[in-house]
Amino acid sequence: MENNLTVYNTLSRRKEKFEPMNPPFVGMYVCGPTVYGDAHLGHARPAITFDLVYRYLKHIGYKVRYVRNITDVGHLEHDADSGEDKIGKKARLEQLEPMEVVQYFTDRYHQNMSALNVLSPSIEPKASGHIIEQIEMIRKILEAGFAYEVNGSVYFDVVKYNQNHNYGILSGRVLEDLMTATRELEGQEEKHNPADFALWKKAQPEHIMRWPSPWSDGFPGWHLECSAMGTRYLGEQFDIHGGGMDLLFPHHESEIAQSVAANSKAPVKYWLHNNMITLNGQKMGKSLGNAISLFDFFAGNHNLLQQPYSPITIRFFILQAHYRSTLDFSNEALQAADKGLKKLMAALATLDKLAVSEKSTSNITELRKKCYDAMNDDFNSPIAIAQLFEGVRIINSVKNKKETITDTDLEILKKTMIDFVFEILGLKQEEAGRSNELIDELMGTILILRQKARESKDFATSDLIRDHLAKLNIIVKDTKEGVEWSLEE
RNA sequence: GGUACCGUGACCGAGUGGUUAGGUAGCGGUCUGCAAAACCGUCGACAGCGGUUCGAAUCCGCUCGGUACCUCCA
């Protein structure tokens, strides 16, 4: 398949031409959420970034299998020094079954994703549903001699692996540095080396989430699920693996090591990493206490928020920055995004009302090409959006009779705007309120009365009507074509 | 300390060795009874210091400042 897409591959630290292994098929795996709490703004970034990638690959004709996992087993809490299972702990505190907690937050995550217009992945596997695959992978790694068992736990032998392979190929880490930098931690004594990591952990008696295995009743190690599920659904080698930059090391580095140890093959051709969202220059993270949940954003329910921000505004805000740059949150920035988005959507509504002429004053074909060029350059959505605003300018100018457009060009412009805004960027028109026939008729009546007042130069009355409607968030505009009204948020 | 990276105008945020980013805000104008919207014009930047070059915000070095990772959190 022909394409001009280039992607920045973390593995090579440069942009590379995108050439999938088995075109037109593309396999893509992205690290999904840990469902022990609500998603915050930081979680929205990878979801939206790889939604964009997914949408664009499909748009240019690829058949994409997109796998995004749900992590629901066996991971430790940041501030818990007891080595206690993250989901297990929450469950005990609230007297709930662990899977009840998982179900609750999975549903809420899906609600958030749906609101953000993030498409469902092709497959959304749960770690808890793939214990067998993970045990099998551990067995293969043990057989290959890259792991060892101690007291019912199994650890990956990083030092041995690094003798014939490169543990650090993705992150640039040097093993010798890791050995000296690693701190002493509880449970470390079982490992042969501080850089080793767990493939299987024997569960303590109080540990709720546990599964039988050849080594002990326990749970799989942190990095294993992604390797096992990626292999299961995409094969031993697939095209794209995505995730946040914070996962680069040790998570993704260890995923590579596990797959190479088990299958003797580098698992992924292109590693893509999105950058963080920052708040006052610092990463937004739950453990840092500066995370604002998506539900709070939508409701405006947080002391750092001056107002609610709609899901699509947040999506647009995120897409206005390139995915590999940090993006700094502020009310000012979000409000700017909100206004820009409204302007874009208003222009799209105008698109159907434009009159055509004999010739075009703008080069529409060139505009369309620039949009594709932007996306082909490592999914540069901010450039694509800048081009779409050029389209907005043209639309408004044609409406104001400052520019003209042929009907062929108008069709191209419509297609470009609709393809990019809705299909590729995944934006959508948000209904501020329910409109219906009764409201339309009532508004029609009111505006006739106002028009009468205006015609008789009774501006006090006409302004009174407009002001009162404004209090109901109904905005009245007198344009050359007549009066327009719209319901604002 | 190690690894990766960043520092752009009021704010957010692109970018290329020599030509407009874009959005929001401001200013001036057009339109309007007014307002809004829209359009036109405009202000305004490349952390600092050197170096390479005919020419650097874009390449190199140093300095200063910031971020992420280096935790059995995924």
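Proteins get letters first, then strands, A, B, ... in listed order; numbering begins at 1 in each. If you're wondering where the values come from, they're calculated on a predicted model, not measured in any experiment.
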So, do His130(A) and Tyr233(A) have ring centers that fall under 6.0 Å from each other? yes
I want to know whether Phe146(A) and His165(A) have ring centres closer than 6.0 Å. yes
Would you say a side-chain N or O of Asn380(A) is under 4.0 Å from OP1 or OP2 of rG15(B)? yes
Using a cut-off of strictly less than 4.0 Å, decide whether Lys370(A) has a side-chain nitrogen or oxygen near OP1 or OP2 of rA21(B). no
Can you list the residues that meet the side-chain contact (heavy atoms from CB on, under 4.5 Å) rule with [X], with sequence neighbours excluded?
X	answer
Lys202(A)	Ser153(A), Ser216(A)
Asp419(A)	His59(A), Arg368(A), Tyr372(A), Lys415(A), Glu423(A)
Ser12(A)	Asn9(A), Arg14(A), Glu16(A)

Parallel, tilted or perpendicular: ring planes of His251(A) versus His223(A), cut at 30 and 60 degrees: tilted
Look at the side chain of Arg173(A) and the base of rC69(B), then say whether one donor and one acceptor between them are separated by less than 3.5 Å. yes
Determine the interatomic distance between P on rC5(B) and the same-named atom on rC62(B); round to the nearest Å. 15 Å
Quote, to the nearest angstrom, the C1' distance that separates rU58(B) from rG51(B). 15 Å
Qualifying ring-ring contact (aromatic ring centres under 6.0 Å, His included) pairs with a residue from residues 377-398 of chain A, counting only residues at least two apart or across chains: none
Considering every strand and a 4.0 Å limit on heavy-atom distances, what is the contact class for Ala198(A): base, sugar-phosphate, or nothing? base
Leu247(A) near the nucleic acid: base, sugar-phosphate alone, or nothing, with a heavy-atom cut-off under 4.0 Å? base
Please say whether the positively charged group of Arg68(A), taken as NZ for Lys or CZ for Arg, lies over the ring of Phe50(A), i.e. under 6.0 angstrom from the six-membered ring centre and within 45 degrees of the axis. no
Where protein sits on nucleotides 24-37 of chain B, one letter per nucleotide: B base, S sugar-phosphate only, - none, heavy atoms under 4.0 Å: SS-----S-BBBBS
Pair assignment for RNA chain B - dot-bracket with | for other-strand partners, Watson-Crick or G-U under 3.5 Å: (((((((..(((.....[...))).(((((.......)))))....(((((..]....))))))))))))....
Calculate the interatomic distance between Leu224(A) atom CG and rC73(B) atom C1'; express it in whole Å. 17 Å
What is the separation between atom CZ on Phe316(A) and atom P on rG13(B), rounded to the nearest whole Å? 14 Å
What I want to check is whether the side chains of Asp378(A) and Thr6(A) have a donor and an acceptor closer together than 3.5 Å. no
